[in-house]
Participant: 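Take a look at this one; I'll ask things after.
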Amino acid sequence: MRVIEHIAKATGPLFSYEIVPPPRGRSIKDIIEVVETLAPLNPPWIDVTSHSSTTYFQEKVDGSIQKRTLKKRPGTLGICGIIQNRFKIDTVAHILCLGFTREETEDALIELSFLGIENVLALRGDTPNFQKQVRPERTINNYASDLVGQIKGLSEGKFLDELDRADSLNFCIGVAGYPEKHFEASCLKSDIQSLKRKVDAGADYIVTQMFFDNNKYFKFVEQCREAGINVPIIPGIKVLRSANQLKNIPRNFYIDLPEELVDDVENNPEHAAEIGKRWCRKQVEELVNHGVPSVHFYVLNDVHSIVDIVRSFK
Ligand code: FAD
């Protein structure tokens, strides 16, 4: 089922989850265990992130340096197929512009449709990953709005080549939104204009970057509505786990942490996980009472805290 159908049919709070494929070389076992842990919560859908190749240098035993370009976390499509077909849980595959040609994207979308997957989250990705030289006969999407346009086109049977008797591919399309603005945007207003471009190109819903202050989300939704964005805006939430994350989260995700949370963790670093969980539960409670379309949890390595939080609402 499509994400927007889940939202439309919901009779109580919805909780969705985002998981990350294992690093290259590791078995699928760990991620299956995460899905098995989430399955009893009856997730309406689970997102699986996508990772383009990164280039890095590796020292070989003879001392020479080898340049390698590889995906550090391959497997998005395969994992989506397992969740959808073995666990019968609707799956949202993340699809990136950067690191992929439009031709590769079309192939991936065909594979997803063959796997019975009806949902994708269309993202640009981040520039350091974009190392691949694009041959002149290949094309790329620069922004997520271009990618949304490509995916939407397939629902009208518009493949890159004109095909005889092509069936359309109908995906429910999500895009990313940033309550504290995307780090490259000059201001929140212009970032919301970029978000509107994605919705105008055909996005059906928005999932936000994580935030730890609900007021930022409420204000963002208000500003999006004023800008004429009318699709569901799903809040993205993460549980803070350690005192180190007080530095890492703002640095990696370009967001602020509330002073009250920072003070509490700094004064009691050994209880950081407990404080983070309590904070998250309070955030979720307020969001649910506010009637948000769903709460989307960034699971990362912390499935058990999330299970505890969600169980307390069931
Ligand atoms: P865009 O919407 O393309 O915007 C990127 C920047 O360009 C913004 O500053 C925007 O304001 C600006 N912009 C947009 N359109 C234009 C235009 N036409 N002209 C000028 N400026 C423009 N990354 C991964 O690698 N894999 C994942 O699986 C993944 N999942 C994510 C899930 C969520 C819910 C979120 C919030 C982020 C995720 N990311 C993921 C990170 C994402 O790829 C980065 O945040 C990336 O920097 C921006 O992606 P976007 O789709 O928001 O880009």
Side-chain angles (χ1 to χ4, degrees), residues 3 16-23 31 45-54 71-77 79-80 91-100 102 105 108 112 119-132 140-151 173-212 216-217 220 223-224 227 229 231-238 249-255 292-300:
V3 165
S16 54
Y17 309 92
E18 179 165 318
I19 61 173
V20 179
I31 197 85
W45 68 88
I46 293 179
D47 280 49
V48 183
T49 60
S50 170
H51 302 265
S52 54
S53 303
T54 45
K71 281 188 193 177
K72 289 211 169 147
R73 291 179 183 272
T76 303
L77 302 191
I79 294 168
C80 286
T91 311
V92 180
H94 290 198
I95 299 285
L96 303 179
C97 301
L98 297 183
F100 297 88
R102 282 158 52 87
T105 297
L112 286 170
N119 302 288
V120 292
L121 194 77
L123 298 145
R124 188 197 64 179
D126 283 312
T127 34
N129 293 347
F130 190 44
Q131 308 285 351
K132 196 190 285 178
I140 55 166
N141 291 309
N142 288 311
Y143 291 108
S145 53
D146 304 326
L147 176 56
V148 173
Q150 180 183 5
I151 302 167
I173 309 171
V175 290
Y178 302 83
E180 299 179 56
K181 101 172 176 63
H182 183 260
F183 68 101
E184 291 166 28
S186 54
C187 62
L188 184 56
K189 201 170 165 199
S190 76
D191 201 27
I192 289 177
Q193 283 313 312
S194 300
L195 182 56
K196 181 149 191 318
R197 263 195 289 272
K198 296 193 266 194
V199 175
D200 291 345
D204 298 293
Y205 71 99
I206 295 163
V207 185
T208 75
Q209 180 58 284
M210 66 184 73
F211 56 85
F212 289 82
K216 299 214 165 140
Y217 166 80
F220 175 67
Q223 286 172 282
C224 288
I229 296 173
V231 297
I233 302 178
I234 298 172
I237 293 289
K238 180 183 156 31
I249 288 177
R251 194 178 53 219
N252 295 338
F253 299 102
Y254 305 90
I255 61 165
V292 297
S294 163
V295 176
H296 185 71
F297 286 98
Y298 292 103
V299 175
L300 300 169

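The structure displayed is predicted, hence computed values, not measured ones. Order of appearance sets the numbers: ligands from 1, and atoms from 1 within every ligand.
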Participant: N/O to N/O below 3.5 Å, does that happen between Asp191 and ligand 1?
Facilitator: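 It does: an N or O of Asp191 is found under 3.5 Å from an N or O of ligand 1.
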Participant: Looking only at distances, can you tell me whether any N or O atom of Ser50, backbone or side chain, sits closer than 3.5 Å to an N or O atom of ligand 1?
Facilitator: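 Yes; at least one N/O pair falls below 3.5 Å.
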Participant: Out of Tyr178, Tyr298, Tyr254, Phe183, indicate the one that has the non-hydrogen atom closest to atom 33 (C) of ligand 1.
Facilitator: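 Of the listed residues, Tyr298 has the closest heavy atom.
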Participant: Check Val175 against ligand 1 and report side chain, backbone, both or neither, counting heavy atoms closer than 4.0 Å.
Facilitator: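 For Val175, no heavy atom sits under 4.0 Å from ligand 1.
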Participant: Show me which atoms of ligand 1 lie under 4.0 Å from any heavy atom of Leu96.
Facilitator: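 Here the atoms of ligand 1 in question are 24 (C), 25 (O), 26 (N).
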Participant: Can you name the atoms of ligand 1, numbered from 1 with element, that are less than 4.0 Å from a heavy atom of Ala176?
Facilitator: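 Atoms satisfying the 4.0 Å criterion: 35 (C), 36 (C), 52 (O).
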Participant: If every non-hydrogen atom of Pro22 is compared with every non-hydrogen atom of Ile79, which pair is closest and at what distance?
Facilitator: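 Looking at all heavy atoms of both residues, the shortest contact is CD-CD1, 3.8 Å.
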Participant: Closest heavy-atom contact between His51 and Thr76?
Facilitator: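 Shortest heavy-atom separation between His51 and Thr76 comes out as N-OG1, 4.5 Å.
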Participant: If you measure from each non-hydrogen atom of Ala144 to ligand 1, which part falls under 4.0 Å: side chain, backbone, both or neither?
Facilitator: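 Contact part for Ala144 vs ligand 1: both backbone and side chain.
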Participant: Does the residue Gly236 have a heavy-atom contact with ligand 1, meaning some pair of atoms that are separated by less than 4.0 Å?
Facilitator: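 Gly236 does not count as a contact of ligand 1 under the 4.0 Å cut-off.
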Participant: Going by heavy-atom distance to atom 16 (C) of ligand 1, choose the closest among Lys198, Gln209, His94, Arg197.
Facilitator: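 Of the listed residues, Arg197 has the closest heavy atom.
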Participant: Number the atoms of ligand 1 from 1 as they appear, then name those within less than 4.0 Å of a heavy atom of Thr49, with their elements.
Facilitator: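 Listed by number with element, the hits are 28 (O).
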Participant: Going by heavy atoms in the side chains, are Val48 and Pro21 under 4.5 Å from each other?
Facilitator: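 A side-chain contact exists here, since the closest heavy-atom pair is under 4.5 Å.
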Participant: Ile151 and Ala122: which non-hydrogen atoms are nearest, and at how many Å?
Facilitator: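 Where Ile151 meets Ala122 most closely, the heavy atoms are CD1-CB, 4.0 Å.
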Participant: Under the criterion side chain to side chain contact (heavy atoms under 4.5 Å, CB included), which of Asp191, Leu195, Leu188 is the partner of His182?
Facilitator: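 Option passing the side chain to side chain contact (heavy atoms under 4.5 Å, CB included) with His182: Asp191.
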Participant: Compare every heavy atom of Ala144 with every heavy atom of Arg124, then report the nearest pair and how far apart it is.
Facilitator: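 Answer, listing the atom of Arg124 first, then Ala144: N-CB, 3.9 Å.
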Participant: Taking non-hydrogen atoms only, is Asp47 closer than 4.0 angstrom to ligand 1 via side chain, backbone, both or neither?
Facilitator: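 Neither part.
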Participant: Please tell me if the side chains of Val231 and Val175 come closer than 4.5 Å, counting only heavy atoms from C-beta onward.
Facilitator: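 Heavy-atom side-chain distance check fails, nothing below 4.5 Å.
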Participant: Answer yes or no: does an N/O atom from Gly125 fall short of 3.5 Å to an N/O atom of ligand 1?
Facilitator: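 Such a contact does occur with ligand 1.
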Participant: Decide whether Thr105 and Arg102 meet the rule of one side-chain donor and one side-chain acceptor closer than 3.5 Å.
Facilitator: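 No pair is found: no donor N or O on one side chain lies under 3.5 Å from an acceptor on the other.
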Participant: Do any nitrogen or oxygen atoms of Thr208 come within less than 3.5 Å of a nitrogen or oxygen of ligand 1?
Facilitator: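 In fact, backbone or side chain, Thr208 has no N or O that close.
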Participant: Relative to the heavy atoms of Ala185, which atoms of ligand 1 are at a distance of less than 4.0 Å?
Facilitator: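 By the 4.0 Å cutoff, the relevant atoms are 9 (O), 11 (O).
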Participant: Looking at ligand 1, does any of its N/O atoms fall within less than 3.5 Å of an N/O of His182?
Facilitator: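 The answer is yes, given that His182 and ligand 1 share an N or O pair closer than 3.5 Å.
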Participant: Do the side chains of Ile249 and Met210 get nearer than 4.5 Å, heavy atoms only?
Facilitator: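 Yes; the side chains approach each other to less than 4.5 Å.
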Participant: Considering non-hydrogen atoms only, spot the tightest contact between Ile173 and Gly202 and give its length.
Facilitator: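 Result for this residue pair: CD1-O, 4.0 Å.
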